[in-house]
A.B. asks: 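Got a structure here, written out as structure tokens. Questions coming.
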Amino acid sequence: MTNYQLNDIDQMVTEWLENIDNIIPKLIFDMHTETKLNRFDLVTNVDQQIQNEFQQFLSKHLPDHQLFAEEKSNEGIDPRQGHVWIMDPIDGTANLVKQQEDYCIILGYFVDGEPKLSYIYDYPHGHLYKAIENKGAYDNNQILLAPPIIDIKDAILSFNTQVLNDETMHELYEASFGHRIIGSCGLDSLRVIKGQFGAHINTNPKPWDIAAQFLFAKELGLKMSSLDGKQIDLSTAAPFIISNEGCYKEVLEILNSGSGYGK
Ligand code: NAP
Ligand code: CA
Ligand code: CA
């Protein structure tokens with residue numbers, strides 16, 4: 001087994017992400033889109049090729065690391081065991097297809113279920129966000145500070161308006177400063193990480209939607225949990241919130257009041 005230090009692996013993956021800049025423009029130029037479960041569930045050659053490139057990178061440089069990713073079968077891989085990378089090759093595919101903006105690559109590296117390295121690559125805006133276990137979080141190598149406390153009345157909250165019931169949304173609007181949604185779980189979460197949003201909620205994420213957020217939350221003192229306040233199992237994911245500490249409790253109280261947040 002290759003016995004790399006975390007720093008070495010970070011350098012290799014950062015270089016891989018920098019090199020991907022050379023292939024993305026051509027992939028987008030040649031973009032073709034397919035639907036998966038329904039007409040809103042999209043995948044493109046960009047998603048598939050980026051994931052293939054990363055799989056090849058792992059096979060070549062880190063052959064004992066496994067890939068658990070959206071556009072492949074993950075049968076037989078337990079992300080809680082051994083060296084596992086969880087990847088969403090394009091998070092915000094609908095934005096890529098419709099706007100060519102507001103999408104990102106999400107990567108999380110776990111050793112026996114513990115998050116070690118995390119990346120959210122905002123390619124259209126040229127920002128690579130990373131978190132390194134016990135070394136903090138960075139935006140293009142500039143250290144990110146823990147965001148200031150945001151009270152719920154000052155907080156922008158981010159959630160998909162198709163999935164919460166009207167009463168819950170009304171209560172969230174009333175209690176907060178307002179609502180915004182970018183349409184990429186990774187980039188909406190980043191707004192919380194950077195202190196721009198108070199919280200982001202996704203009631204149905206898959207492991208790759210939230211793989212990077214575990215370590216950013218840990219390094220920057222943010223709250224990340226299921227919507228009943230429990231720890232999230234990274235192999236299954238669960239209804240999820242990433243939140244500033246200043247509004248986390250209140251948002252969860254609203255979501256769980258009455259008959260809950262579901263339609
Ligand atoms: P979208 O623009 O397609 O996606 C917005 C974000 O949610 C992206 O990060 C996307 O990841 C992720 N996502 C895509 N499908 C999802 C799903 N079924 N459940 C949870 N997250 C999902 O979102 P949209 O156009 O507003 O909605 C498309 C469909 O996804 C709708 O049926 C919507 O209800 C559902 N959705 C549900 C939630 C939720 O909180 N339950 C959140 C977003 C969307 P990729 O780009 O990698 O697919
Ligand atoms: Ca996603
Ligand atoms: Ca995706």
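Both ligands and their constituent atoms are indexed starting at 1 by order of listing. These values consider heavy atoms only, across backbone and side chains, with no hydrogens, waters or symmetry-generated copies.
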A.B. asks: Just to confirm, does any protein heavy atom lie below 4.0 Å from atom 15 (N) of ligand 1?
C.D. replies: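 Given the 4.0 Å cut-off, atom 15 (N) of ligand 1 does not count as touching protein heavy atoms.
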
A.B. asks: For Y129 and D122: C-alpha separation, side-chain torsions, deciding distance, then whether side chain to side chain contact (heavy atoms under 4.5 Å, CB included) applies.
C.D. replies: CA-CA 8 Å; Y129 298 90; D122 178 355; 4.2 Å; yes

A.B. asks: Using only heavy-atom distances, determine whether the side chains of N95 and S184 contain a donor-acceptor pair under 3.5 Å.
C.D. replies: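 Short answer, no.
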
A.B. asks: Under the criterion salt bridge (Lys or Arg N to Asp or Glu O under 4.0 Å), which of K135, K130, K116 is the partner of D10?
C.D. replies: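 Looking at K135, K130, K116, the match for D10 under the salt bridge (Lys or Arg N to Asp or Glu O under 4.0 Å) is K130.
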
A.B. asks: Applying the ring-ring contact (aromatic ring centres under 6.0 Å, His included) test to W85, which of F68, F54, W16 qualifies?
C.D. replies: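 Of all the options given, the one that passes is F54.
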
A.B. asks: With sequence neighbours left out, write down each residue that passes side chain to side chain contact (heavy atoms under 4.5 Å, CB included) with Q51, or none if nothing qualifies.
C.D. replies: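 Per chain and number, Q51 pairs via side chain to side chain contact (heavy atoms under 4.5 Å, CB included) with L67, A69, E71, K72, M87, P89.
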
A.B. asks: How about the Ca ion (ligand 2), which protein N, O or S atoms come within less than 3.0 Å?
C.D. replies: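 Listed by chain and number: D88 OD2, D91 OD1, D209 OD1.
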
A.B. asks: In the complex you have, is atom 25 (O) of ligand 1 within reach of the protein, judged by whether a heavy-atom distance drops under 4.0 Å?
C.D. replies: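 Neighbour list for atom 25 (O) of ligand 1 is empty of protein heavy atoms (cut-off 4.0 Å).
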
A.B. asks: S226: which residues meet the side chain to side chain contact (heavy atoms under 4.5 Å, CB included) condition with it, sequence neighbours left out?
C.D. replies: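 Only D228, K230, I232, A238 meet the side chain to side chain contact (heavy atoms under 4.5 Å, CB included) criterion with S226.
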
A.B. asks: I90 heavy atoms, cut-off 4.0 Å: which ligand 1 atoms fall inside?
C.D. replies: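 Going through ligand 1 atom by atom, the ones under 4.0 Å from I90 are 47 (O).
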
A.B. asks: What are the atoms of ligand 1, with element, lying closer than 4.0 Å to any heavy atom of C185?
C.D. replies: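 It comes down to these atoms of ligand 1: 8 (C), 9 (O).
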
A.B. asks: Linking I/L/V/M/F/W/Y whenever any side-chain heavy atoms sit under 4.5 Å apart, do I182 and L157 land together?
C.D. replies: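 As far as the 4.5 Å side-chain criterion goes, L157 and I182 are not connected within one cluster.
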
A.B. asks: Excluding sequence neighbours, so at least two apart, what forms side chain to side chain donor-acceptor pair (under 3.5 Å) with H32?
C.D. replies: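 Side chain to side chain donor-acceptor pair (under 3.5 Å) check on H32 returns nothing, list empty.
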
